[in-house]
Protein chains: 2
Amino acid sequence: MGRWEPDARGRMIAAAMELYAERGFEQTTAGDIAERAGVTERTFFRHFADKREVLFDGSDVMAKAVYDAVVSAPDGASPLDAALAGAAATSAFLEDRRDHAVRRARIVAATPSLQERELLKMAALTETVTEALRSRGVEEPAAGLAAHGAIAVFQVAFRRWAAEAEPPGFADCVADAADSFRALC
Amino acid sequence: MGRWEPDARGRMIAAAMELYAERGFEQTTAGDIAERAGVTERTFFRHFADKREVLFDGSDVMAKAVYDAVVSAPDGASPLDAALAGAAATSAFLEDRRDHAVRRARIVAATPSLQERELLKMAALTETVTEALRSRGVEEPAAGLAAHGAIAVFQVAFRRWAAEAEPPGFADCVADAADSFRALC
DNA sequence: GTCTATAGGGCGATAGAC
DNA sequence: GTCTATCGCCCTATAGAC
């Protein structure tokens, strides 16, 4: 056992989730989070660029997995199918954490400033999928449009998965949303 | 002529565009903008909720036009076609202001925090289109997915229209992007 | 760790329009 | 007189600099 309690980062994330849920994002100061986590305010800002970022830990790990899933989709897959393979890959990060995902989504939905950050991450993910498609030889504008479509499918799937009392698995929600998307055209 | 110069709001918007372009968003304080516009910092914040919002004046007027266009699309139009009518309606706000739109887009693209706000407006616009589709009797998830598709088409169309040296009209860019989108499925 | 500039909210005073 | 825009000063928290 070292000089500090272990997992300061995890404690800060947990403390932030609690406080944002209890009293709201704006009513929570960085100092409040640090205090509950047993660190100084300065330590909080060394781990997280800003107060929002604490709710987006690990989003680049998921982005990497999405990229790999798109790149390694079957050779014959259409641009849309390859992009949708990326959407499906997110289920590994959500399937067994529904409670946490729903609580987090509730906090984000209640706070415009957190929605903005979430949308920026989604836009970055769209860019990631676009890049992965281009590495498969897909040209613009098809690459960008297929990526946007896959992200829309993901969002619609997540909303249903979070809202329903007894939802099917997340992967099934993605598959259903993908079918609805294909039916559009 | 009264005590104050008229159109303080317009002067603040112009001053902000200039300063954000000259020295960047972060390097510009609200006081700088206010000073150049001949008002106090406090007046700036009375007109705009925050430093970002000054670049999004009139976005709700456009949202209203988009809503109306979707609602009044032909009776037989598919959900996607109705949503795309909304995307086409934005051309009235852009067609004759390419220079301004491009300068503004350049500033936004250079600043993550402005991108976040832009994405929030786009998400709100997606919600607007979704609502308009629902008022036409379109059910979820088709409404949300068609709305996302139309917004993607808009964004792809805008990017091309802004990037090309001698682009066709914005309406043509939307039509071309819509064709590419339909080809996805 | 300390120090500081800036964002952005609260509030009362003031000056004009009506 | 009322209503509204602007001002000026006070405040705290964020987040960057040192």
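What you see is a predicted model; the values in this text were computed from it and never measured. All values below were derived from every heavy atom in this structure, side-chain atoms included, with hydrogens, water molecules and symmetry-related copies excluded. Throughout, a chain's letter reflects where its sequence line sits, starting with A, and its residues are numbered from 1.
Atom CZ in F44(A) sits roughly 8 Å away from atom P in dA15(D) (whole-Å rounding). Across the protein-nucleic acid pair, I33(B) atom CD1 and dA7(C) atom P stand 8 Å apart, rounded to whole Å. In this structure, R52(A) places its CZ atom 12 Å from C1' of dA7(C), rounding to the nearest Å. Taking atom CD on E26(B) and atom C1' on dG16(D), their separation rounds to 12 Å, with Å as the unit. Between the CZ atom of R9(B) and the P atom of dT4(D) there is a distance of 17 Å, rounded to whole Å. Separating the CZ atom of F45(A) from the C1' atom of dA17(D) is a distance of 14 Å, rounded to the nearest angstrom. Atom pair Q27(A):CD and dT12(D):P shows a separation of 16 Å (rounding to whole Å applied). The separation between D50(A) atom CG and dG16(D) atom P is 8 Å, rounded to whole Å.
The side chain of H47(B) contributes an N or O atom lying less than 4.0 Å from OP1 or OP2 of dT6(D). Side-chain N/O atoms of T40(B) include none lying less than 4.0 angstrom from OP1 or OP2 on dT6(D).
Counting distance only, with no hydrogens placed and no angle test, the side-chain atoms of R46(B) and the base atoms of dG8(C) include no donor-acceptor pair under 3.5 Å.
In summary, D99(A) and R103(A) do not engage in a salt bridge, as defined by a charged side-chain N under 4.0 Å from a carboxylate O.
Here the CD-OG1 distance, from E140(A) to T130(A), works out to 6.0 Å after rounding to the nearest 0.5 Å.
Linking ILVMFWY side-chain heavy atoms closer than 4.5 Å, directly or via other members, places L120(A) and V129(A) in two distinct hydrophobic clusters.
You'll find the ring centres of F181(B) and F181(A) inside the 6.0 Å limit.
Residues V39(B) and R11(B) approach most closely at CG1-NH2, 4.0 Å, considering heavy atoms.
Nearest nucleotide to the side chain of K51(A), out of dA15(D), dC9(D), dT6(D): dA15(D). Comparing dC9(D), dA15(D), dA7(C) by their nearest atom to the side chain of R42(B) picks out dC9(D).
Among the atoms of the strands shown, only primed sugar atoms or phosphate atoms (P, OP1, OP2) are found under 4.0 Å from some heavy atom of T28(A).
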